[in-house]
Structure formats: structure tokens, C-alpha cells
Amino acid sequence: MVPVGPKPDMTPLRRAAEAAEAATGLRAEIIRGVVMMSRTRTGKQAGIVNNLYSQLRLTLPGRLSAFQVASVPMPGDPDDYATPDLLVCDAGFADSDDWLTDPGDVELVVEVVSKGNSTKDTRDLVGWYADAGIPAYLLIDPRDGSWTLYTLPRDGEFQARRHGLYGEDVELSDLGVKITTEGLTRYEK
């Protein structure tokens, strides 16, 4: 078997991210030129993502699909990309050989705050997703049983924010979808 090397058009930063993934088994993202590594999800975190995926899969309009661990680039810069826990985009992405979905096709990204790296989800990615023009960012926080929905991105900031607690539904009126948060798990203190 001949080893496969990096793609010739890959930048040094992208090569570094892929090498870090291969060496550590962690998930790499490049956020504003910084390689950020994430651990594999905990069982609770994965369970929440699966719960949300199942709800969305059954209720999304036919033109949209939910995808777990798919990546979205900053428009115009494929070396600046995020890999949300869940994203909703054009259903045609399922037929693509690309690993990055077009940010213009993304309707929603969902992050479940990790127990060990909450700053990335609660601070770094809020501005990044707004800069990328993602219409809605849903942040689920199992540390305190809450959720925050950011919408209306403009000039690198989300103009609207709704906050709720587990048990309160998340209304995604632009998608015609309601997400139930009753029964989502929380992290132990």
C-alpha cells in the first residue's frame, strides 16, 4: 500500500490540522487562523446531539437535512472552518463528495457545550458563526440545563438572542420547526 500524502493544494495550516487529528485522534477545527482541538464527545454530549438530530430529521422540510459532524467554512476561506455538533443545510449535501458545506446553504448550526472546553462554544464560535453568515446558532448548555438561540447575523454579531431552560421548547420559525428540550441530560457538577 502506497502512503497517501497531503493534497497538493492544501495550505500548511490545513496540513497541520490534519496531522494533529491523525496524531491525537482529536477533532480539529481552524477558527480565525487558530487550530482548535476537541475531545471526542462524552456519552451525555453525544446523547443530546442524537436527540436533537432525531427531532430535526423528522420535522425538517424536505429540502433540508440535518448532519452530524459536517464542516462549514468561513466564506472565501476554506482554511477557516468549524465543525459543529449538528448542522442543518440543503439536503443535496448528502450527495456531495466535499467535506465542507457551502455556508450559504446552512440554515442552523448546533453546538452542545462540552464539559472541558466551554469557551470555544460560548464565546469563540458565536462571533465566528455570525461572521460566516449562519442564520441561526443554537447553543445547548448541559452544565446548567439551558439553551441560547442566536439569530440575525450582521456585521460579525448576532442581532437577536433568545435564552431558555430545559423544558422550554426552541422555536425555529424560519424552518417551521420546534425543538423539545424536555429530557435533555445535564452534566454532573
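Residues: numbered from 1 along the sequence shown.
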Fill in the blank from the handout: Separation between CD1 (I179) and CG (L172), nearest 0.5 Å, reads 4.5 Å
Fill in the blank from the handout: CG (L125) and CG (D131) are apart, to the nearest 0.5 Å, by 11.5 Å
Handout entry: Side-chain donor or acceptor of Q159 paired with backbone N/O of R154 under 3.5 Å
Key = yes
Practice task
Any chance you could lay out the side chain to side chain contact (heavy atoms under 4.5 Å, CB included) test for R143 and V113, step after step, and finish with the verdict?
Solution key: CA-CA 8 Å; R143 297 173 305 167; V113 175; 3.7 Å; yes
Practice task
Only counting residues at least two apart or in another chain, list the ones meeting side-chain hydrogen bond (donor to acceptor under 3.5 Å, both in side chains) with R63.
Solution key: none
Practice task
Check whether more than 12 heavy atoms from other residues, nucleotides or ligands sit under 6.0 Å from atom CZ of R57, and answer yes or no.
Solution key: yes
Problem - Nearest heavy atoms of P103 and P75, plus distance in Å - result: CG-CG, 3.8 Å
Exercise for the section: Evaluate whether atom CG of D174 has more than 12 neighbouring non-hydrogen atoms of other residues, nucleotides or ligands under 6.0 angstrom away. Expected result: no
Completion exercise
Between L64 and D90 the two heavy atoms that sit nearest each other are CD2-N, 3.9 Å
Handout entry: Residue pair T185 / I48: nearest heavy atoms and the distance that separates them
Key = O-CD1, 3.5 Å
Practice task
Before giving the answer on side chain to side chain contact (heavy atoms under 4.5 Å, CB included), spell out for M74 and Y81 the whole-Å C-alpha distance, their side-chain angles and the decisive distance to 0.1 Å.
Solution key: CA-CA 6 Å; M74 182 63 70; Y81 67 93; over 6 Å; no
Problem - Exam field: side chain E182 to backbone E168, donor-acceptor pair closer than 3.5 Å - result: no
Practice task
For residues L87 and L108, determine if any side-chain heavy atom of one lies less than 4.5 Å from a side-chain heavy atom of the other.
Solution key: no
Problem - Rounded distance (nearest 0.5 Å) linking atom CZ of F158 with atom OH of Y150 - result: 9.0 Å
Practice task
Find out whether V109 and L138 are in side-chain contact, i.e. whether some heavy atom of one side chain is under 4.5 Å from a heavy atom of the other.
Solution key: no
Exercise for the section: Locate the shortest heavy-atom distance separating T181 from W147; write the atom from each residue and the value. Expected result: CG2-CD1, 3.8 Å
Problem - Where Q55 and K178 come nearest, the two heavy atoms and their spacing - result: OE1-O, 4.1 Å
Completion exercise
Between the OG1 atom in T151 and the CZ atom in R162, the distance rounded to the nearest 0.5 Å is 7.0 Å
